[in-house]
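First comes the structure, then the notes that go with it.
Any value given below was found using the heavy atoms of this structure, including those in side chains, with hydrogens, waters and symmetry copies removed. Numbered from 1 within each chain, the chains take letters A, B, ... in sequence-line order. As the structure is a prediction and not an experimental result, all values here were calculated from the model.
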Amino acid sequence: MPELPEVETIKRQLTREILGKKIKEVIIIKKKLVKEISPQIFKSKVVGKFIKEILRRGKVLIIKLEERLFLIFHLRISGSLILSNCKEDFAGVVFRLADDRLLNFCDARVFGEIRLIDDWQELPFIKAMGPEPLDLNKKQFIKLFEGKKAKVKPLLMEQKFLAGVGNIYAQESLFCAGVHPERRADKIKRGELEKIHHCLVSILKEAIKRKGTSVDTYRQINGNKGKYTPFLKVYQRENRPCLNCKTPIKRELIGGRGTYFCPHCQR
DNA sequence: AATGGGACCTGCGCGC
DNA sequence: TGCGCGCAGGTCCCAT
């Protein structure tokens, strides 16, 4: 699933490839992906505009066009944003650039969304977002957990709490820190929170360096898979031996989400 | 306040 | 081998 490292990868790669380019044509194949405005208005506003800047906030990718106009992309579960063709019939929305290259928004499950807005920071779900995990120091990170009764794993994934962390990196960080995913957040000791912080930051950075994790449909903009996948230690490793202690990795539904952890190493 | 379940959607894995 | 069922997943919304 595209989480912070995957969206950050897309942001960096798109910045290198399409910054300053002009959008010549827009083809909307799956209407449902474009939220709030009609395909006609969307097209008429986007066509002819230059790409001025590419940003990321949490799992959201933001393309700044001319005239204070922003394209907002959320890939949700199965979305991808690539400069090569979509797999099969997964093409959702296609942006043709002035040099005739195609930026494709592909989405098999059609949960993704594209918006066009003049002030992205005012979007309610962006306004409500918690801090960026890579911008927090240890002290600020620890403070977030004060008085939180929720289980730590669902809490880490909550975008209002912390922006950009999803199912994969929440689990990997907790395994790294040796903390059980069901621990009540405000009962976790200071030293353990420090570990979670350190693990989360280093895992996110390493995943960005390797251009993301492709357990599902996520791809780099050239269509290649992310290269962090082989470094996953618990995710999708049910019944396989823990890399630390050989205890079989357990899978449980926690907060309604599949969660993998080592019942021996994580307490 | 926090948790749980449903809705959205469809490819794919599994069981038969 | 082929079919059909139901899971998975991020987020929002509603109910408890």
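Checked against B:dG11, B:dT3, C:dC12, the side chain of A:Ala108 finds its nearest nucleotide in B:dG11. Looking at the side chain of A:Phe90, the nearest of the listed nucleotides C:dC12, B:dG11, C:dG10 is B:dG11. When each of B:dT10, B:dT3, C:dG9 is scored by its nearest atom to the side-chain atoms of A:Met1, the top-ranked nucleotide is C:dG9.
Side-chain N/O atoms of A:Glu172 and A:Tyr260 include no donor and acceptor closer than 3.5 Å.
C:dT11 atom P lies 7 Å from atom CZ of A:Arg76, rounded to whole Å. Atom CD1 in A:Ile254 sits about 14 Å away from atom C1' in B:dT3, given to the nearest Å. Look at CZ on A:Arg183: it is 19 Å from C1' on B:dA2, rounded to the nearest Å.
The sulfur atoms (SG) of A:Cys106 and A:Cys86 lie less than 2.5 Å from each other.
A:Pro133 pairs with exactly one of A:Leu144, A:Leu4, A:Val201 by the side chain to side chain contact (heavy atoms under 4.5 Å, CB included) rule, that one being A:Leu4.
Look at A:Lys35 and you won't find any side-chain N or O under 4.0 angstrom from OP1 or OP2 of B:dC8. An OP1 or OP2 oxygen of C:dT11 is reached within less than 4.0 angstrom by a side-chain nitrogen or oxygen of A:Gln159. Taking side-chain N and O atoms only, A:Tyr218 has no distance below 4.0 Å to OP1 or OP2 of C:dG9. Put simply, A:Arg257 has no side-chain N or O that comes within less than 4.0 Å of OP1 or OP2 on B:dT3. The shortest distance between the side-chain N/O atoms of A:His74 and the OP1/OP2 oxygens of C:dT11 is below 4.0 Å.
A:Gly166 comes within contact range of no nucleotide atom at all, as no heavy-atom separation falls under 4.0 Å. Contacts of A:Tyr235 with the nucleic acid, taken as non-hydrogen atoms under 4.0 Å apart, involve only primed sugar atoms and P, OP1 or OP2. A:Asp216 comes within 4.0 angstrom of no nucleic acid atom, judged by non-hydrogen atoms across all strands.
Figure legend: cation-pi geometry between A:Arg210 and A:Tyr228 absent, as NZ or CZ is not positioned both under 6.0 Å from the six-membered ring centre and within 45° of its axis.
A salt bridge links A:Arg109 to A:Asp216: at least one charged side-chain nitrogen sits closer than 4.0 Å to a carboxylate oxygen.
Mapping A:Val165 and A:Arg251 onto DNA chain C by nearest heavy atom places A:Arg251 closer to the 5' end of the strand. Summary of the strand contacts: A:Lys32 and A:Lys87 both lie near DNA chain B, and taking for each the nucleotide with the nearest heavy atom, the more 5' one is attributed to A:Lys32.
Pairing of C:dT1, defined by two Watson-Crick or G-U wobble distances under 3.5 Å, is not identified with any nucleotide.
Under the stacking definition used here (centres under 5.5 Å, planes under 30°), the residue A:Phe125 fails to qualify as stacked on the base of C:dC12.
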